[in-house]
Structure formats: C-alpha cells, structure tokens
*Asks:* 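Okay, here's the structure, questions in a sec.
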Number of protein chains: 2
Amino acid sequence: MANKSIIKTLIDNNLKVTPQRIAILEVIRTIENHPSAEKISEYLRLTHPNISLGTIYKTLDTFFKKGIIHKIHNDNDFLRYDAITKKHHHLYSSESERIEDYVDEKLNEIIEKYFEIIVIPGFTIEDIKLQIIGKFTDKK
Amino acid sequence: MANKSIIKTLIDNNLKVTPQRIAILEVIRTIENHPSAEKISEYLRLTHPNISLGTIYKTLDTFFKKGIIHKIHNDNDFLRYDAITKKHHHLYSSESERIEDYVDEKLNEIIEKYFEIIVIPGFTIEDIKLQIIGKFTDKK
DNA sequence: TTTGGTGCAAACTCTTTGCAGGGTC
DNA sequence: GACCCTGCAAAGAGTTTGCACCAAA
C-alpha cells in the first residue's frame, strides 16, 4: 500500500494523520508532477470533493515548513510544489508551464568539487540549484 | 552623463524616450540591486513623486519583453528585476531578502563543457542559471 | 478530553487592465 | 498629427487569515 510511506512521513513529522493530508501528499508524490495549489485542488475534487483551497494552502505550508516538500518558481508563474526525494535540479520549458526534475549525481559532484576550491568572498554556500531552461523535444 | 547609455538603450529598442522610463531604468541599473516594483516606486517617489505603480509595472514588462531586464524569483517572494549585463547567476540569502549577482566565467565554461558531452534525453538546453543559496558573511 | 486540523469566507498582496488625457517623435 | 505612453482606479490572480466546528490522538 502506497499510503504506508505517506502515513509514516506524517507521523515522523509529528503531524496528525488526516485524510486531507494523505490525499494532498499523495497527489504531490505520485500523481501530478510539480503541481500548483490549484492543480492539486483540481485532482482532489474527484476523490475528496470538499477539501477547500484554504486547507490545501495551509497543508502545503505545513509540509514546506517540515521540509516534506519544496516550493519551486518559474519566471512568470505562481508557486508550485515538489516532493523531496533527493537533490535534483529542474528543467523549465521556455515554451510552456512544464517543469521536470533533473537528477545528475555526476554534475552535483563536479559543482561540489568546484566550490571546494573556489570560494565566494563573503558567502557560505548551503545549497545549489540549477534552473535549466530549454525546449522539450518529446511530446507530453 | 550616465543617461546617455540609458537613452541609447531605449532608442535601440524602438521605445519612446520618456522621463519615467529613464528614471526606472536608472534605478535598476545604477541605484538599487535587484529591486522589486515596490522598491523602485519607493526610490522614484523622491525624484519623480508621481510615477504611478501601474506605470512601473507596465514599463518593467516592456523592458522585460525587449530583453532589457530580467525577472528573478526568490522562493517566498514577489518578482524582482535585474539589469542584464552578461551571463550571471544569483546568490540568495537563506536568512533575508538579499540577492546578489554572481559572475563566474570559469564555472560557466565547466558547465557548458559538461553539457556538450552529457545530453539530457528529450531536452534541448537554451540557458542555465544557478541559484546559490547560503549565508552572506559580510554586513550589508 | 485535549490538541490541532478543517472549511468557509473575507481580506490581503502583488500584478494587470481599461481608458482618458498627455507627451514624444 | 499620429501614435504611444502615463496615471489613476478598478479588477484579477494567487495566497493568507480568522474563527467556529470537528477529528485525531
């Protein structure tokens, strides 16, 4: 049952296990790729017709504060959300709203190594994210 | 006169040269670092007390469409603007709203070289921007 | 039973739009 | 003079908040 890991996540973060939270996290983790709050609401309308948008926003904020999900931005766009799995970057379409994850251990390693040698004066790096902008050549 | 290059920019882009546009571009280019529309308005209130926020938004949009400025995002924040000079990345403070440019030709080269060899399936890269998150250790 | 979550609606913030008047070329 | 730009105010989109009710532990 896929719910097991969702429930575990909630418990591990001292959050009460509610149907709403399970449903929201499920959408982000398994169904929709980088959804906006609106998009999540759209999905939930089918299975949980009366989860309010307000609850979705509050829940997303709760998840974000606990580090269960990330927020991501596009350059001409609202907020979107992202289930954290492991360090990854994002591919942004220059033509549409599409955003995909991009995982590349080797690239991470190269960048990490680079910033072990190169120091940015007056700045301590905590994290680096690449925004890779371009065109998707497959259909979706 | 610093205005010369601003006026040239406007003319080169087939934009009418108005005091508002000069003032707005001047703020972005020379005075304030990555301002928001609100911040720009704040500055202009001193020298041009009756430039309306609406005009600022329209002007920024015009500049953006002409490629004169960039838009940038922070993770929990509104839009901010950036005078384009050359390819650069951004340092984001994890503690405040501060954003600084980060220019690093060598890093660009390394990344470019990397993606000459590594191809992302189904995706053609047009541009890559790094979001470097961390702490500023100098005061400002 | 206690604590915290949900739903709803109203409020807020940032941004966009429409239109009449004014400035630039 | 033609065209485009500006200012103002109203509208819009996405998000947040307050509060009474309800569910989870």
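So that the names make sense, note that chain A is the first sequence line, chain B the second, and so on, each numbered from 1. Source: prediction; values computed, not measured.
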*Asks:* Could you state the CG-P distance from A:Asn14 to C:dG5, rounded to the nearest angstrom?
*Replies:*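 It works out to 10 Å between those atoms.
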
*Asks:* Taking salt bridge (charged side-chain N to carboxylate O under 4.0 Å, His left out) as the test, write out the residues that go with B:Lys58, two or more places apart.
*Replies:*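 Scan of B:Lys58 (salt bridge (charged side-chain N to carboxylate O under 4.0 Å, His left out), adjacent residues dropped) gives none.
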
*Asks:* Taking only residues two or more places apart in sequence, or in another chain, which ones meet A:Lys135 in a salt bridge (charged side-chain N to carboxylate O under 4.0 Å, His left out)?
*Replies:*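 Per chain and number, A:Lys135 pairs via salt bridge (charged side-chain N to carboxylate O under 4.0 Å, His left out) with B:Glu126.
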
*Asks:* Applying salt bridge (charged side-chain N to carboxylate O under 4.0 Å, His left out), can you list everything that pairs with B:Lys66, at least two apart in sequence or on another chain?
*Replies:*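 With neighbours one apart ignored, the set is empty.
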
*Asks:* How long is the line joining CD1 of A:Ile56 and P of C:dG5, in whole Å?
*Replies:*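 From A:Ile56 CD1 to C:dG5 P: 16 Å.
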
*Asks:* Rounding to 10 degrees, work out the angle separating the end axes of the helix from C:dT1-D:dA25 to C:dC25-D:dG1 (five pairs an end).
*Replies:*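 End axes: 40° apart.
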
*Asks:* Taking only residues two or more places apart in sequence or in another chain, which ones pass side-chain hydrogen bond (donor to acceptor under 3.5 Å, both in side chains) with A:Thr55?
*Replies:*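 Checked A:Thr55 against side-chain hydrogen bond (donor to acceptor under 3.5 Å, both in side chains); matches are A:Ser52.
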
*Asks:* Starting at the 5' end of nucleotides 20-25 of chain D, put B wherever the base has a protein heavy atom under 4.0 Å, S where only the sugar-phosphate does, and a dash everywhere else.
*Replies:* ----BS

*Asks:* With the threshold set at 4.0 Å, does a side-chain nitrogen-carboxylate oxygen contact exist between A:Lys129 and A:Asp82?
*Replies:*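 Looking at A:Asp82 together with A:Lys129, the answer is no, because their closest N to O distance does not fall below 4.0 Å.
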
*Asks:* What is the distance from CD of B:Glu42 to P of C:dC14, rounded to the nearest Å?
*Replies:*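 Whole-Å distance recorded here is 12 Å.
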
*Asks:* For B:Asp12, what residues pass the side-chain hydrogen bond (donor to acceptor under 3.5 Å, both in side chains) criterion, not counting sequence neighbours?
*Replies:*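 Residues passing side-chain hydrogen bond (donor to acceptor under 3.5 Å, both in side chains) with B:Asp12: B:Lys8.
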
*Asks:* Starting from P on C:dG23, measure out to CD1 on B:Ile51 and report it in whole angstrom.
*Replies:*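 Between P of C:dG23 and CD1 of B:Ile51: 14 Å.
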
*Asks:* By side-chain contact (heavy atoms from CB on, under 4.5 Å), which residues pair with B:Lys65, not counting sequence neighbours?
*Replies:*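 For B:Lys65, the residues satisfying side-chain contact (heavy atoms from CB on, under 4.5 Å) (neighbours in sequence not counted) are B:Asp61.
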
*Asks:* Can you sort out the partners of B:Ile120 under side-chain contact (heavy atoms from CB on, under 4.5 Å), two or more places apart, ordered by chain and number?
*Replies:*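 With sequence neighbours excluded, B:Ile120 shows a side-chain contact (heavy atoms from CB on, under 4.5 Å) to A:Leu91, A:Tyr102, A:Ile132, B:Phe115, B:Phe123, B:Ile125, given in chain and number order.
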
*Asks:* Apply salt bridge (charged side-chain N to carboxylate O under 4.0 Å, His left out) to A:Asp101 and list each qualifying residue two or more places apart in sequence or on a separate chain.
*Replies:*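 A:Asp101 satisfies salt bridge (charged side-chain N to carboxylate O under 4.0 Å, His left out) with no other residue.
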
*Asks:* So, the side chain of A:Asp104 versus the backbone of A:Lys106: is there a donor-acceptor pair under 3.5 Å, distance only?
*Replies:*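 Yes; judged by distance alone, with no hydrogens or angles, the pair exists.
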
*Asks:* Does B:Gln20 have a side-chain nitrogen or oxygen under 4.0 Å from the phosphate oxygens OP1 or OP2 of C:dG23?
*Replies:*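 Negative; the distance criterion is not met.
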
*Asks:* Take the protein atom CD of A:Glu97 and the nucleotide atom C1' of D:dG14, then report the distance between them rounded to whole Å.
*Replies:*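 A:Glu97 atom CD is separated from D:dG14 atom C1' by 14 Å.
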
*Asks:* What's the closest nucleotide to the B:Thr59 side chain, out of D:dT6, C:dG7, D:dG7?
*Replies:*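 Output: D:dT6.
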
*Asks:* Dump every N/O contact between nucleotides 15-18 of chain C and the protein below 3.5 Å, one line per pair.
*Replies:*
residue : atom : partner : partner atom : Å
C:dT15  : OP1  : B:Leu79 : N            : 3.0
C:dT15  : OP2  : B:Tyr57 : OH           : 2.3
C:dT15  : O5'  : B:Tyr57 : OH           : 3.2
C:dG18  : O6   : B:Lys58 : NZ           : 2.5

*Asks:* If I take atom CD1 in residue A:Ile40 and atom P in nucleotide D:dT15, what distance separates them, rounded to the nearest angstrom?
*Replies:*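 Value for this atom pair: 10 Å.
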
*Asks:* Rounded off to whole Å, could you give me the NE2-to-P distance for the B:His48 and D:dG7 pair?
*Replies:*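 Roughly 10 Å, once rounded to whole Å.
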
*Asks:* Return the value, rounded to whole Å, for the distance between atom CG of B:Leu10 and atom C1' of D:dC4.
*Replies:*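 In whole Å, D:dC4 C1' and B:Leu10 CG are 14 Å from each other.
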
*Asks:* Using the side-chain contact (heavy atoms from CB on, under 4.5 Å) criterion, which residues pair with B:Glu112? Sequence neighbours excluded.
*Replies:*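 Once residues adjacent in sequence are excluded, B:Glu112 has no partner under the side-chain contact (heavy atoms from CB on, under 4.5 Å) criterion.
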
